[in-house]
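Below is one structure; the comments refer to it alone.
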Amino acid sequence: MSFCDLRGETIDLGAYIRYAGTGTVSQVVDLKEEDNKQWVKLEEPSLWYAADTLEVIDESDINSFENEDRDTLEKVKDLKDGLTDITEGLNDIQGCEGGG
């Protein structure tokens, strides 16, 4: 029996896949059929997914997904650093006290 992804591609042990729900990319470590449903266990996270929610990808595509995640993380860090600079600048501003 062959296990198929959402596009009808065969899922084999050791194949690299992407979970359509979150974009998680991992490697297949186990396959099982239960209650007429095909299940695929991923290496990380160590969870079972319905085969028809997964997409087989080429190993060469993995780097592009990892780079996108890394780029996004760097953008978030830059935004955080910018907000810290603004906050520190605001703390340096002293209020005017009115006399009277």
Side-chain angles (χ1 to χ4, degrees):
M1 167 182 298
S2 66
F3 285 66
C4 297
D5 71 357
L6 58 89
R7 297 177 296 153
E9 299 288 325
T10 301
I11 301 174
D12 296 313
L13 285 174
Y16 288 92
I17 58 86
R18 180 167 46 112
Y19 172 55
T22 60
T24 299
V25 174
S26 190
Q27 195 169 16
V28 176
V29 294
D30 202 359
L31 302 165
K32 72 177 180 180
E33 186 167 351
E34 189 173 280
D35 298 327
N36 295 321
K37 185 92 172 162
Q38 294 180 334
W39 297 94
V40 178
K41 187 173 185 181
L42 303 184
E43 181 176 40
E44 189 61 40
S46 183
L47 298 172
W48 290 94
Y49 292 83
D52 59 2
T53 64
L54 303 173
E55 178 181 15
V56 176
I57 60 171
D58 292 329
E59 187 174 354
S60 62
D61 291 336
I62 294 171
N63 289 334
S64 65
F65 291 115
E66 289 176 352
N67 287 338
E68 286 176 20
D69 289 344
R70 195 172 304 118
D71 291 345
T72 301
L73 180 60
E74 289 302 316
K75 288 177 186 176
V76 170
K77 285 180 181 177
D78 289 343
L79 286 171
K80 182 180 174 190
D81 291 343
L83 287 174
T84 300
D85 293 343
I86 291 170
T87 303
E88 289 173 358
L90 290 174
N91 289 335
D92 291 340
I93 298 173
Q94 297 181 4
C96 298
E97 299 293 328

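Only a predicted model underlies this, so the values are computations on that prediction, with no experimental measurement involved.
Scanning both residues, L42 and S26, for their nearest heavy atoms gives CB-OG, 3.8 Å. For the residue pair S2 and T10, the shortest heavy atom distance occurs at CB-CG2, 4.3 Å. The heavy-atom pair separating D5 from V56 by the smallest distance is OD2-N, 2.9 Å. Taking each heavy atom of K37 and A50 in turn, the nearest pair found is CE-CB, 3.7 Å. Between L54 and V40, the shortest heavy-atom contact is CD1-CB, 3.5 Å.
Looking at heavy atoms from C-beta onward, W48 lies out of side-chain contact with E34 at the 4.5 angstrom threshold. Contact annotation: the side chain of W39 never approaches that of D30 to less than 4.5 Å [non-hydrogen atoms, C-beta and beyond]. The side-chain heavy atoms of T24 and E44, taken from C-beta on, include no pair separated by under 4.5 Å.
Hydrophobic cluster membership differs between V29 and L47, with clusters built from Ile, Leu, Val, Met, Phe, Trp and Tyr side chains linked at under 4.5 angstrom.
Distance OH/Y49 to CD1/I11: 13.0 Å, rounded to 0.5 Å. Atom CD of residue E55 and atom CD1 of residue I17 lie 9.5 Å apart, to the nearest 0.5 angstrom.
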Derivation of the side-chain contact (heavy atoms from CB on, under 4.5 Å) call for D12 and V28: CA-CA 7 Å; D12 296 313; V28 176; over 6 Å; no
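Using modelled atom types, no side-chain atom of E33 and backbone atom of F3 make a donor-acceptor pair closer than 3.5 Å.
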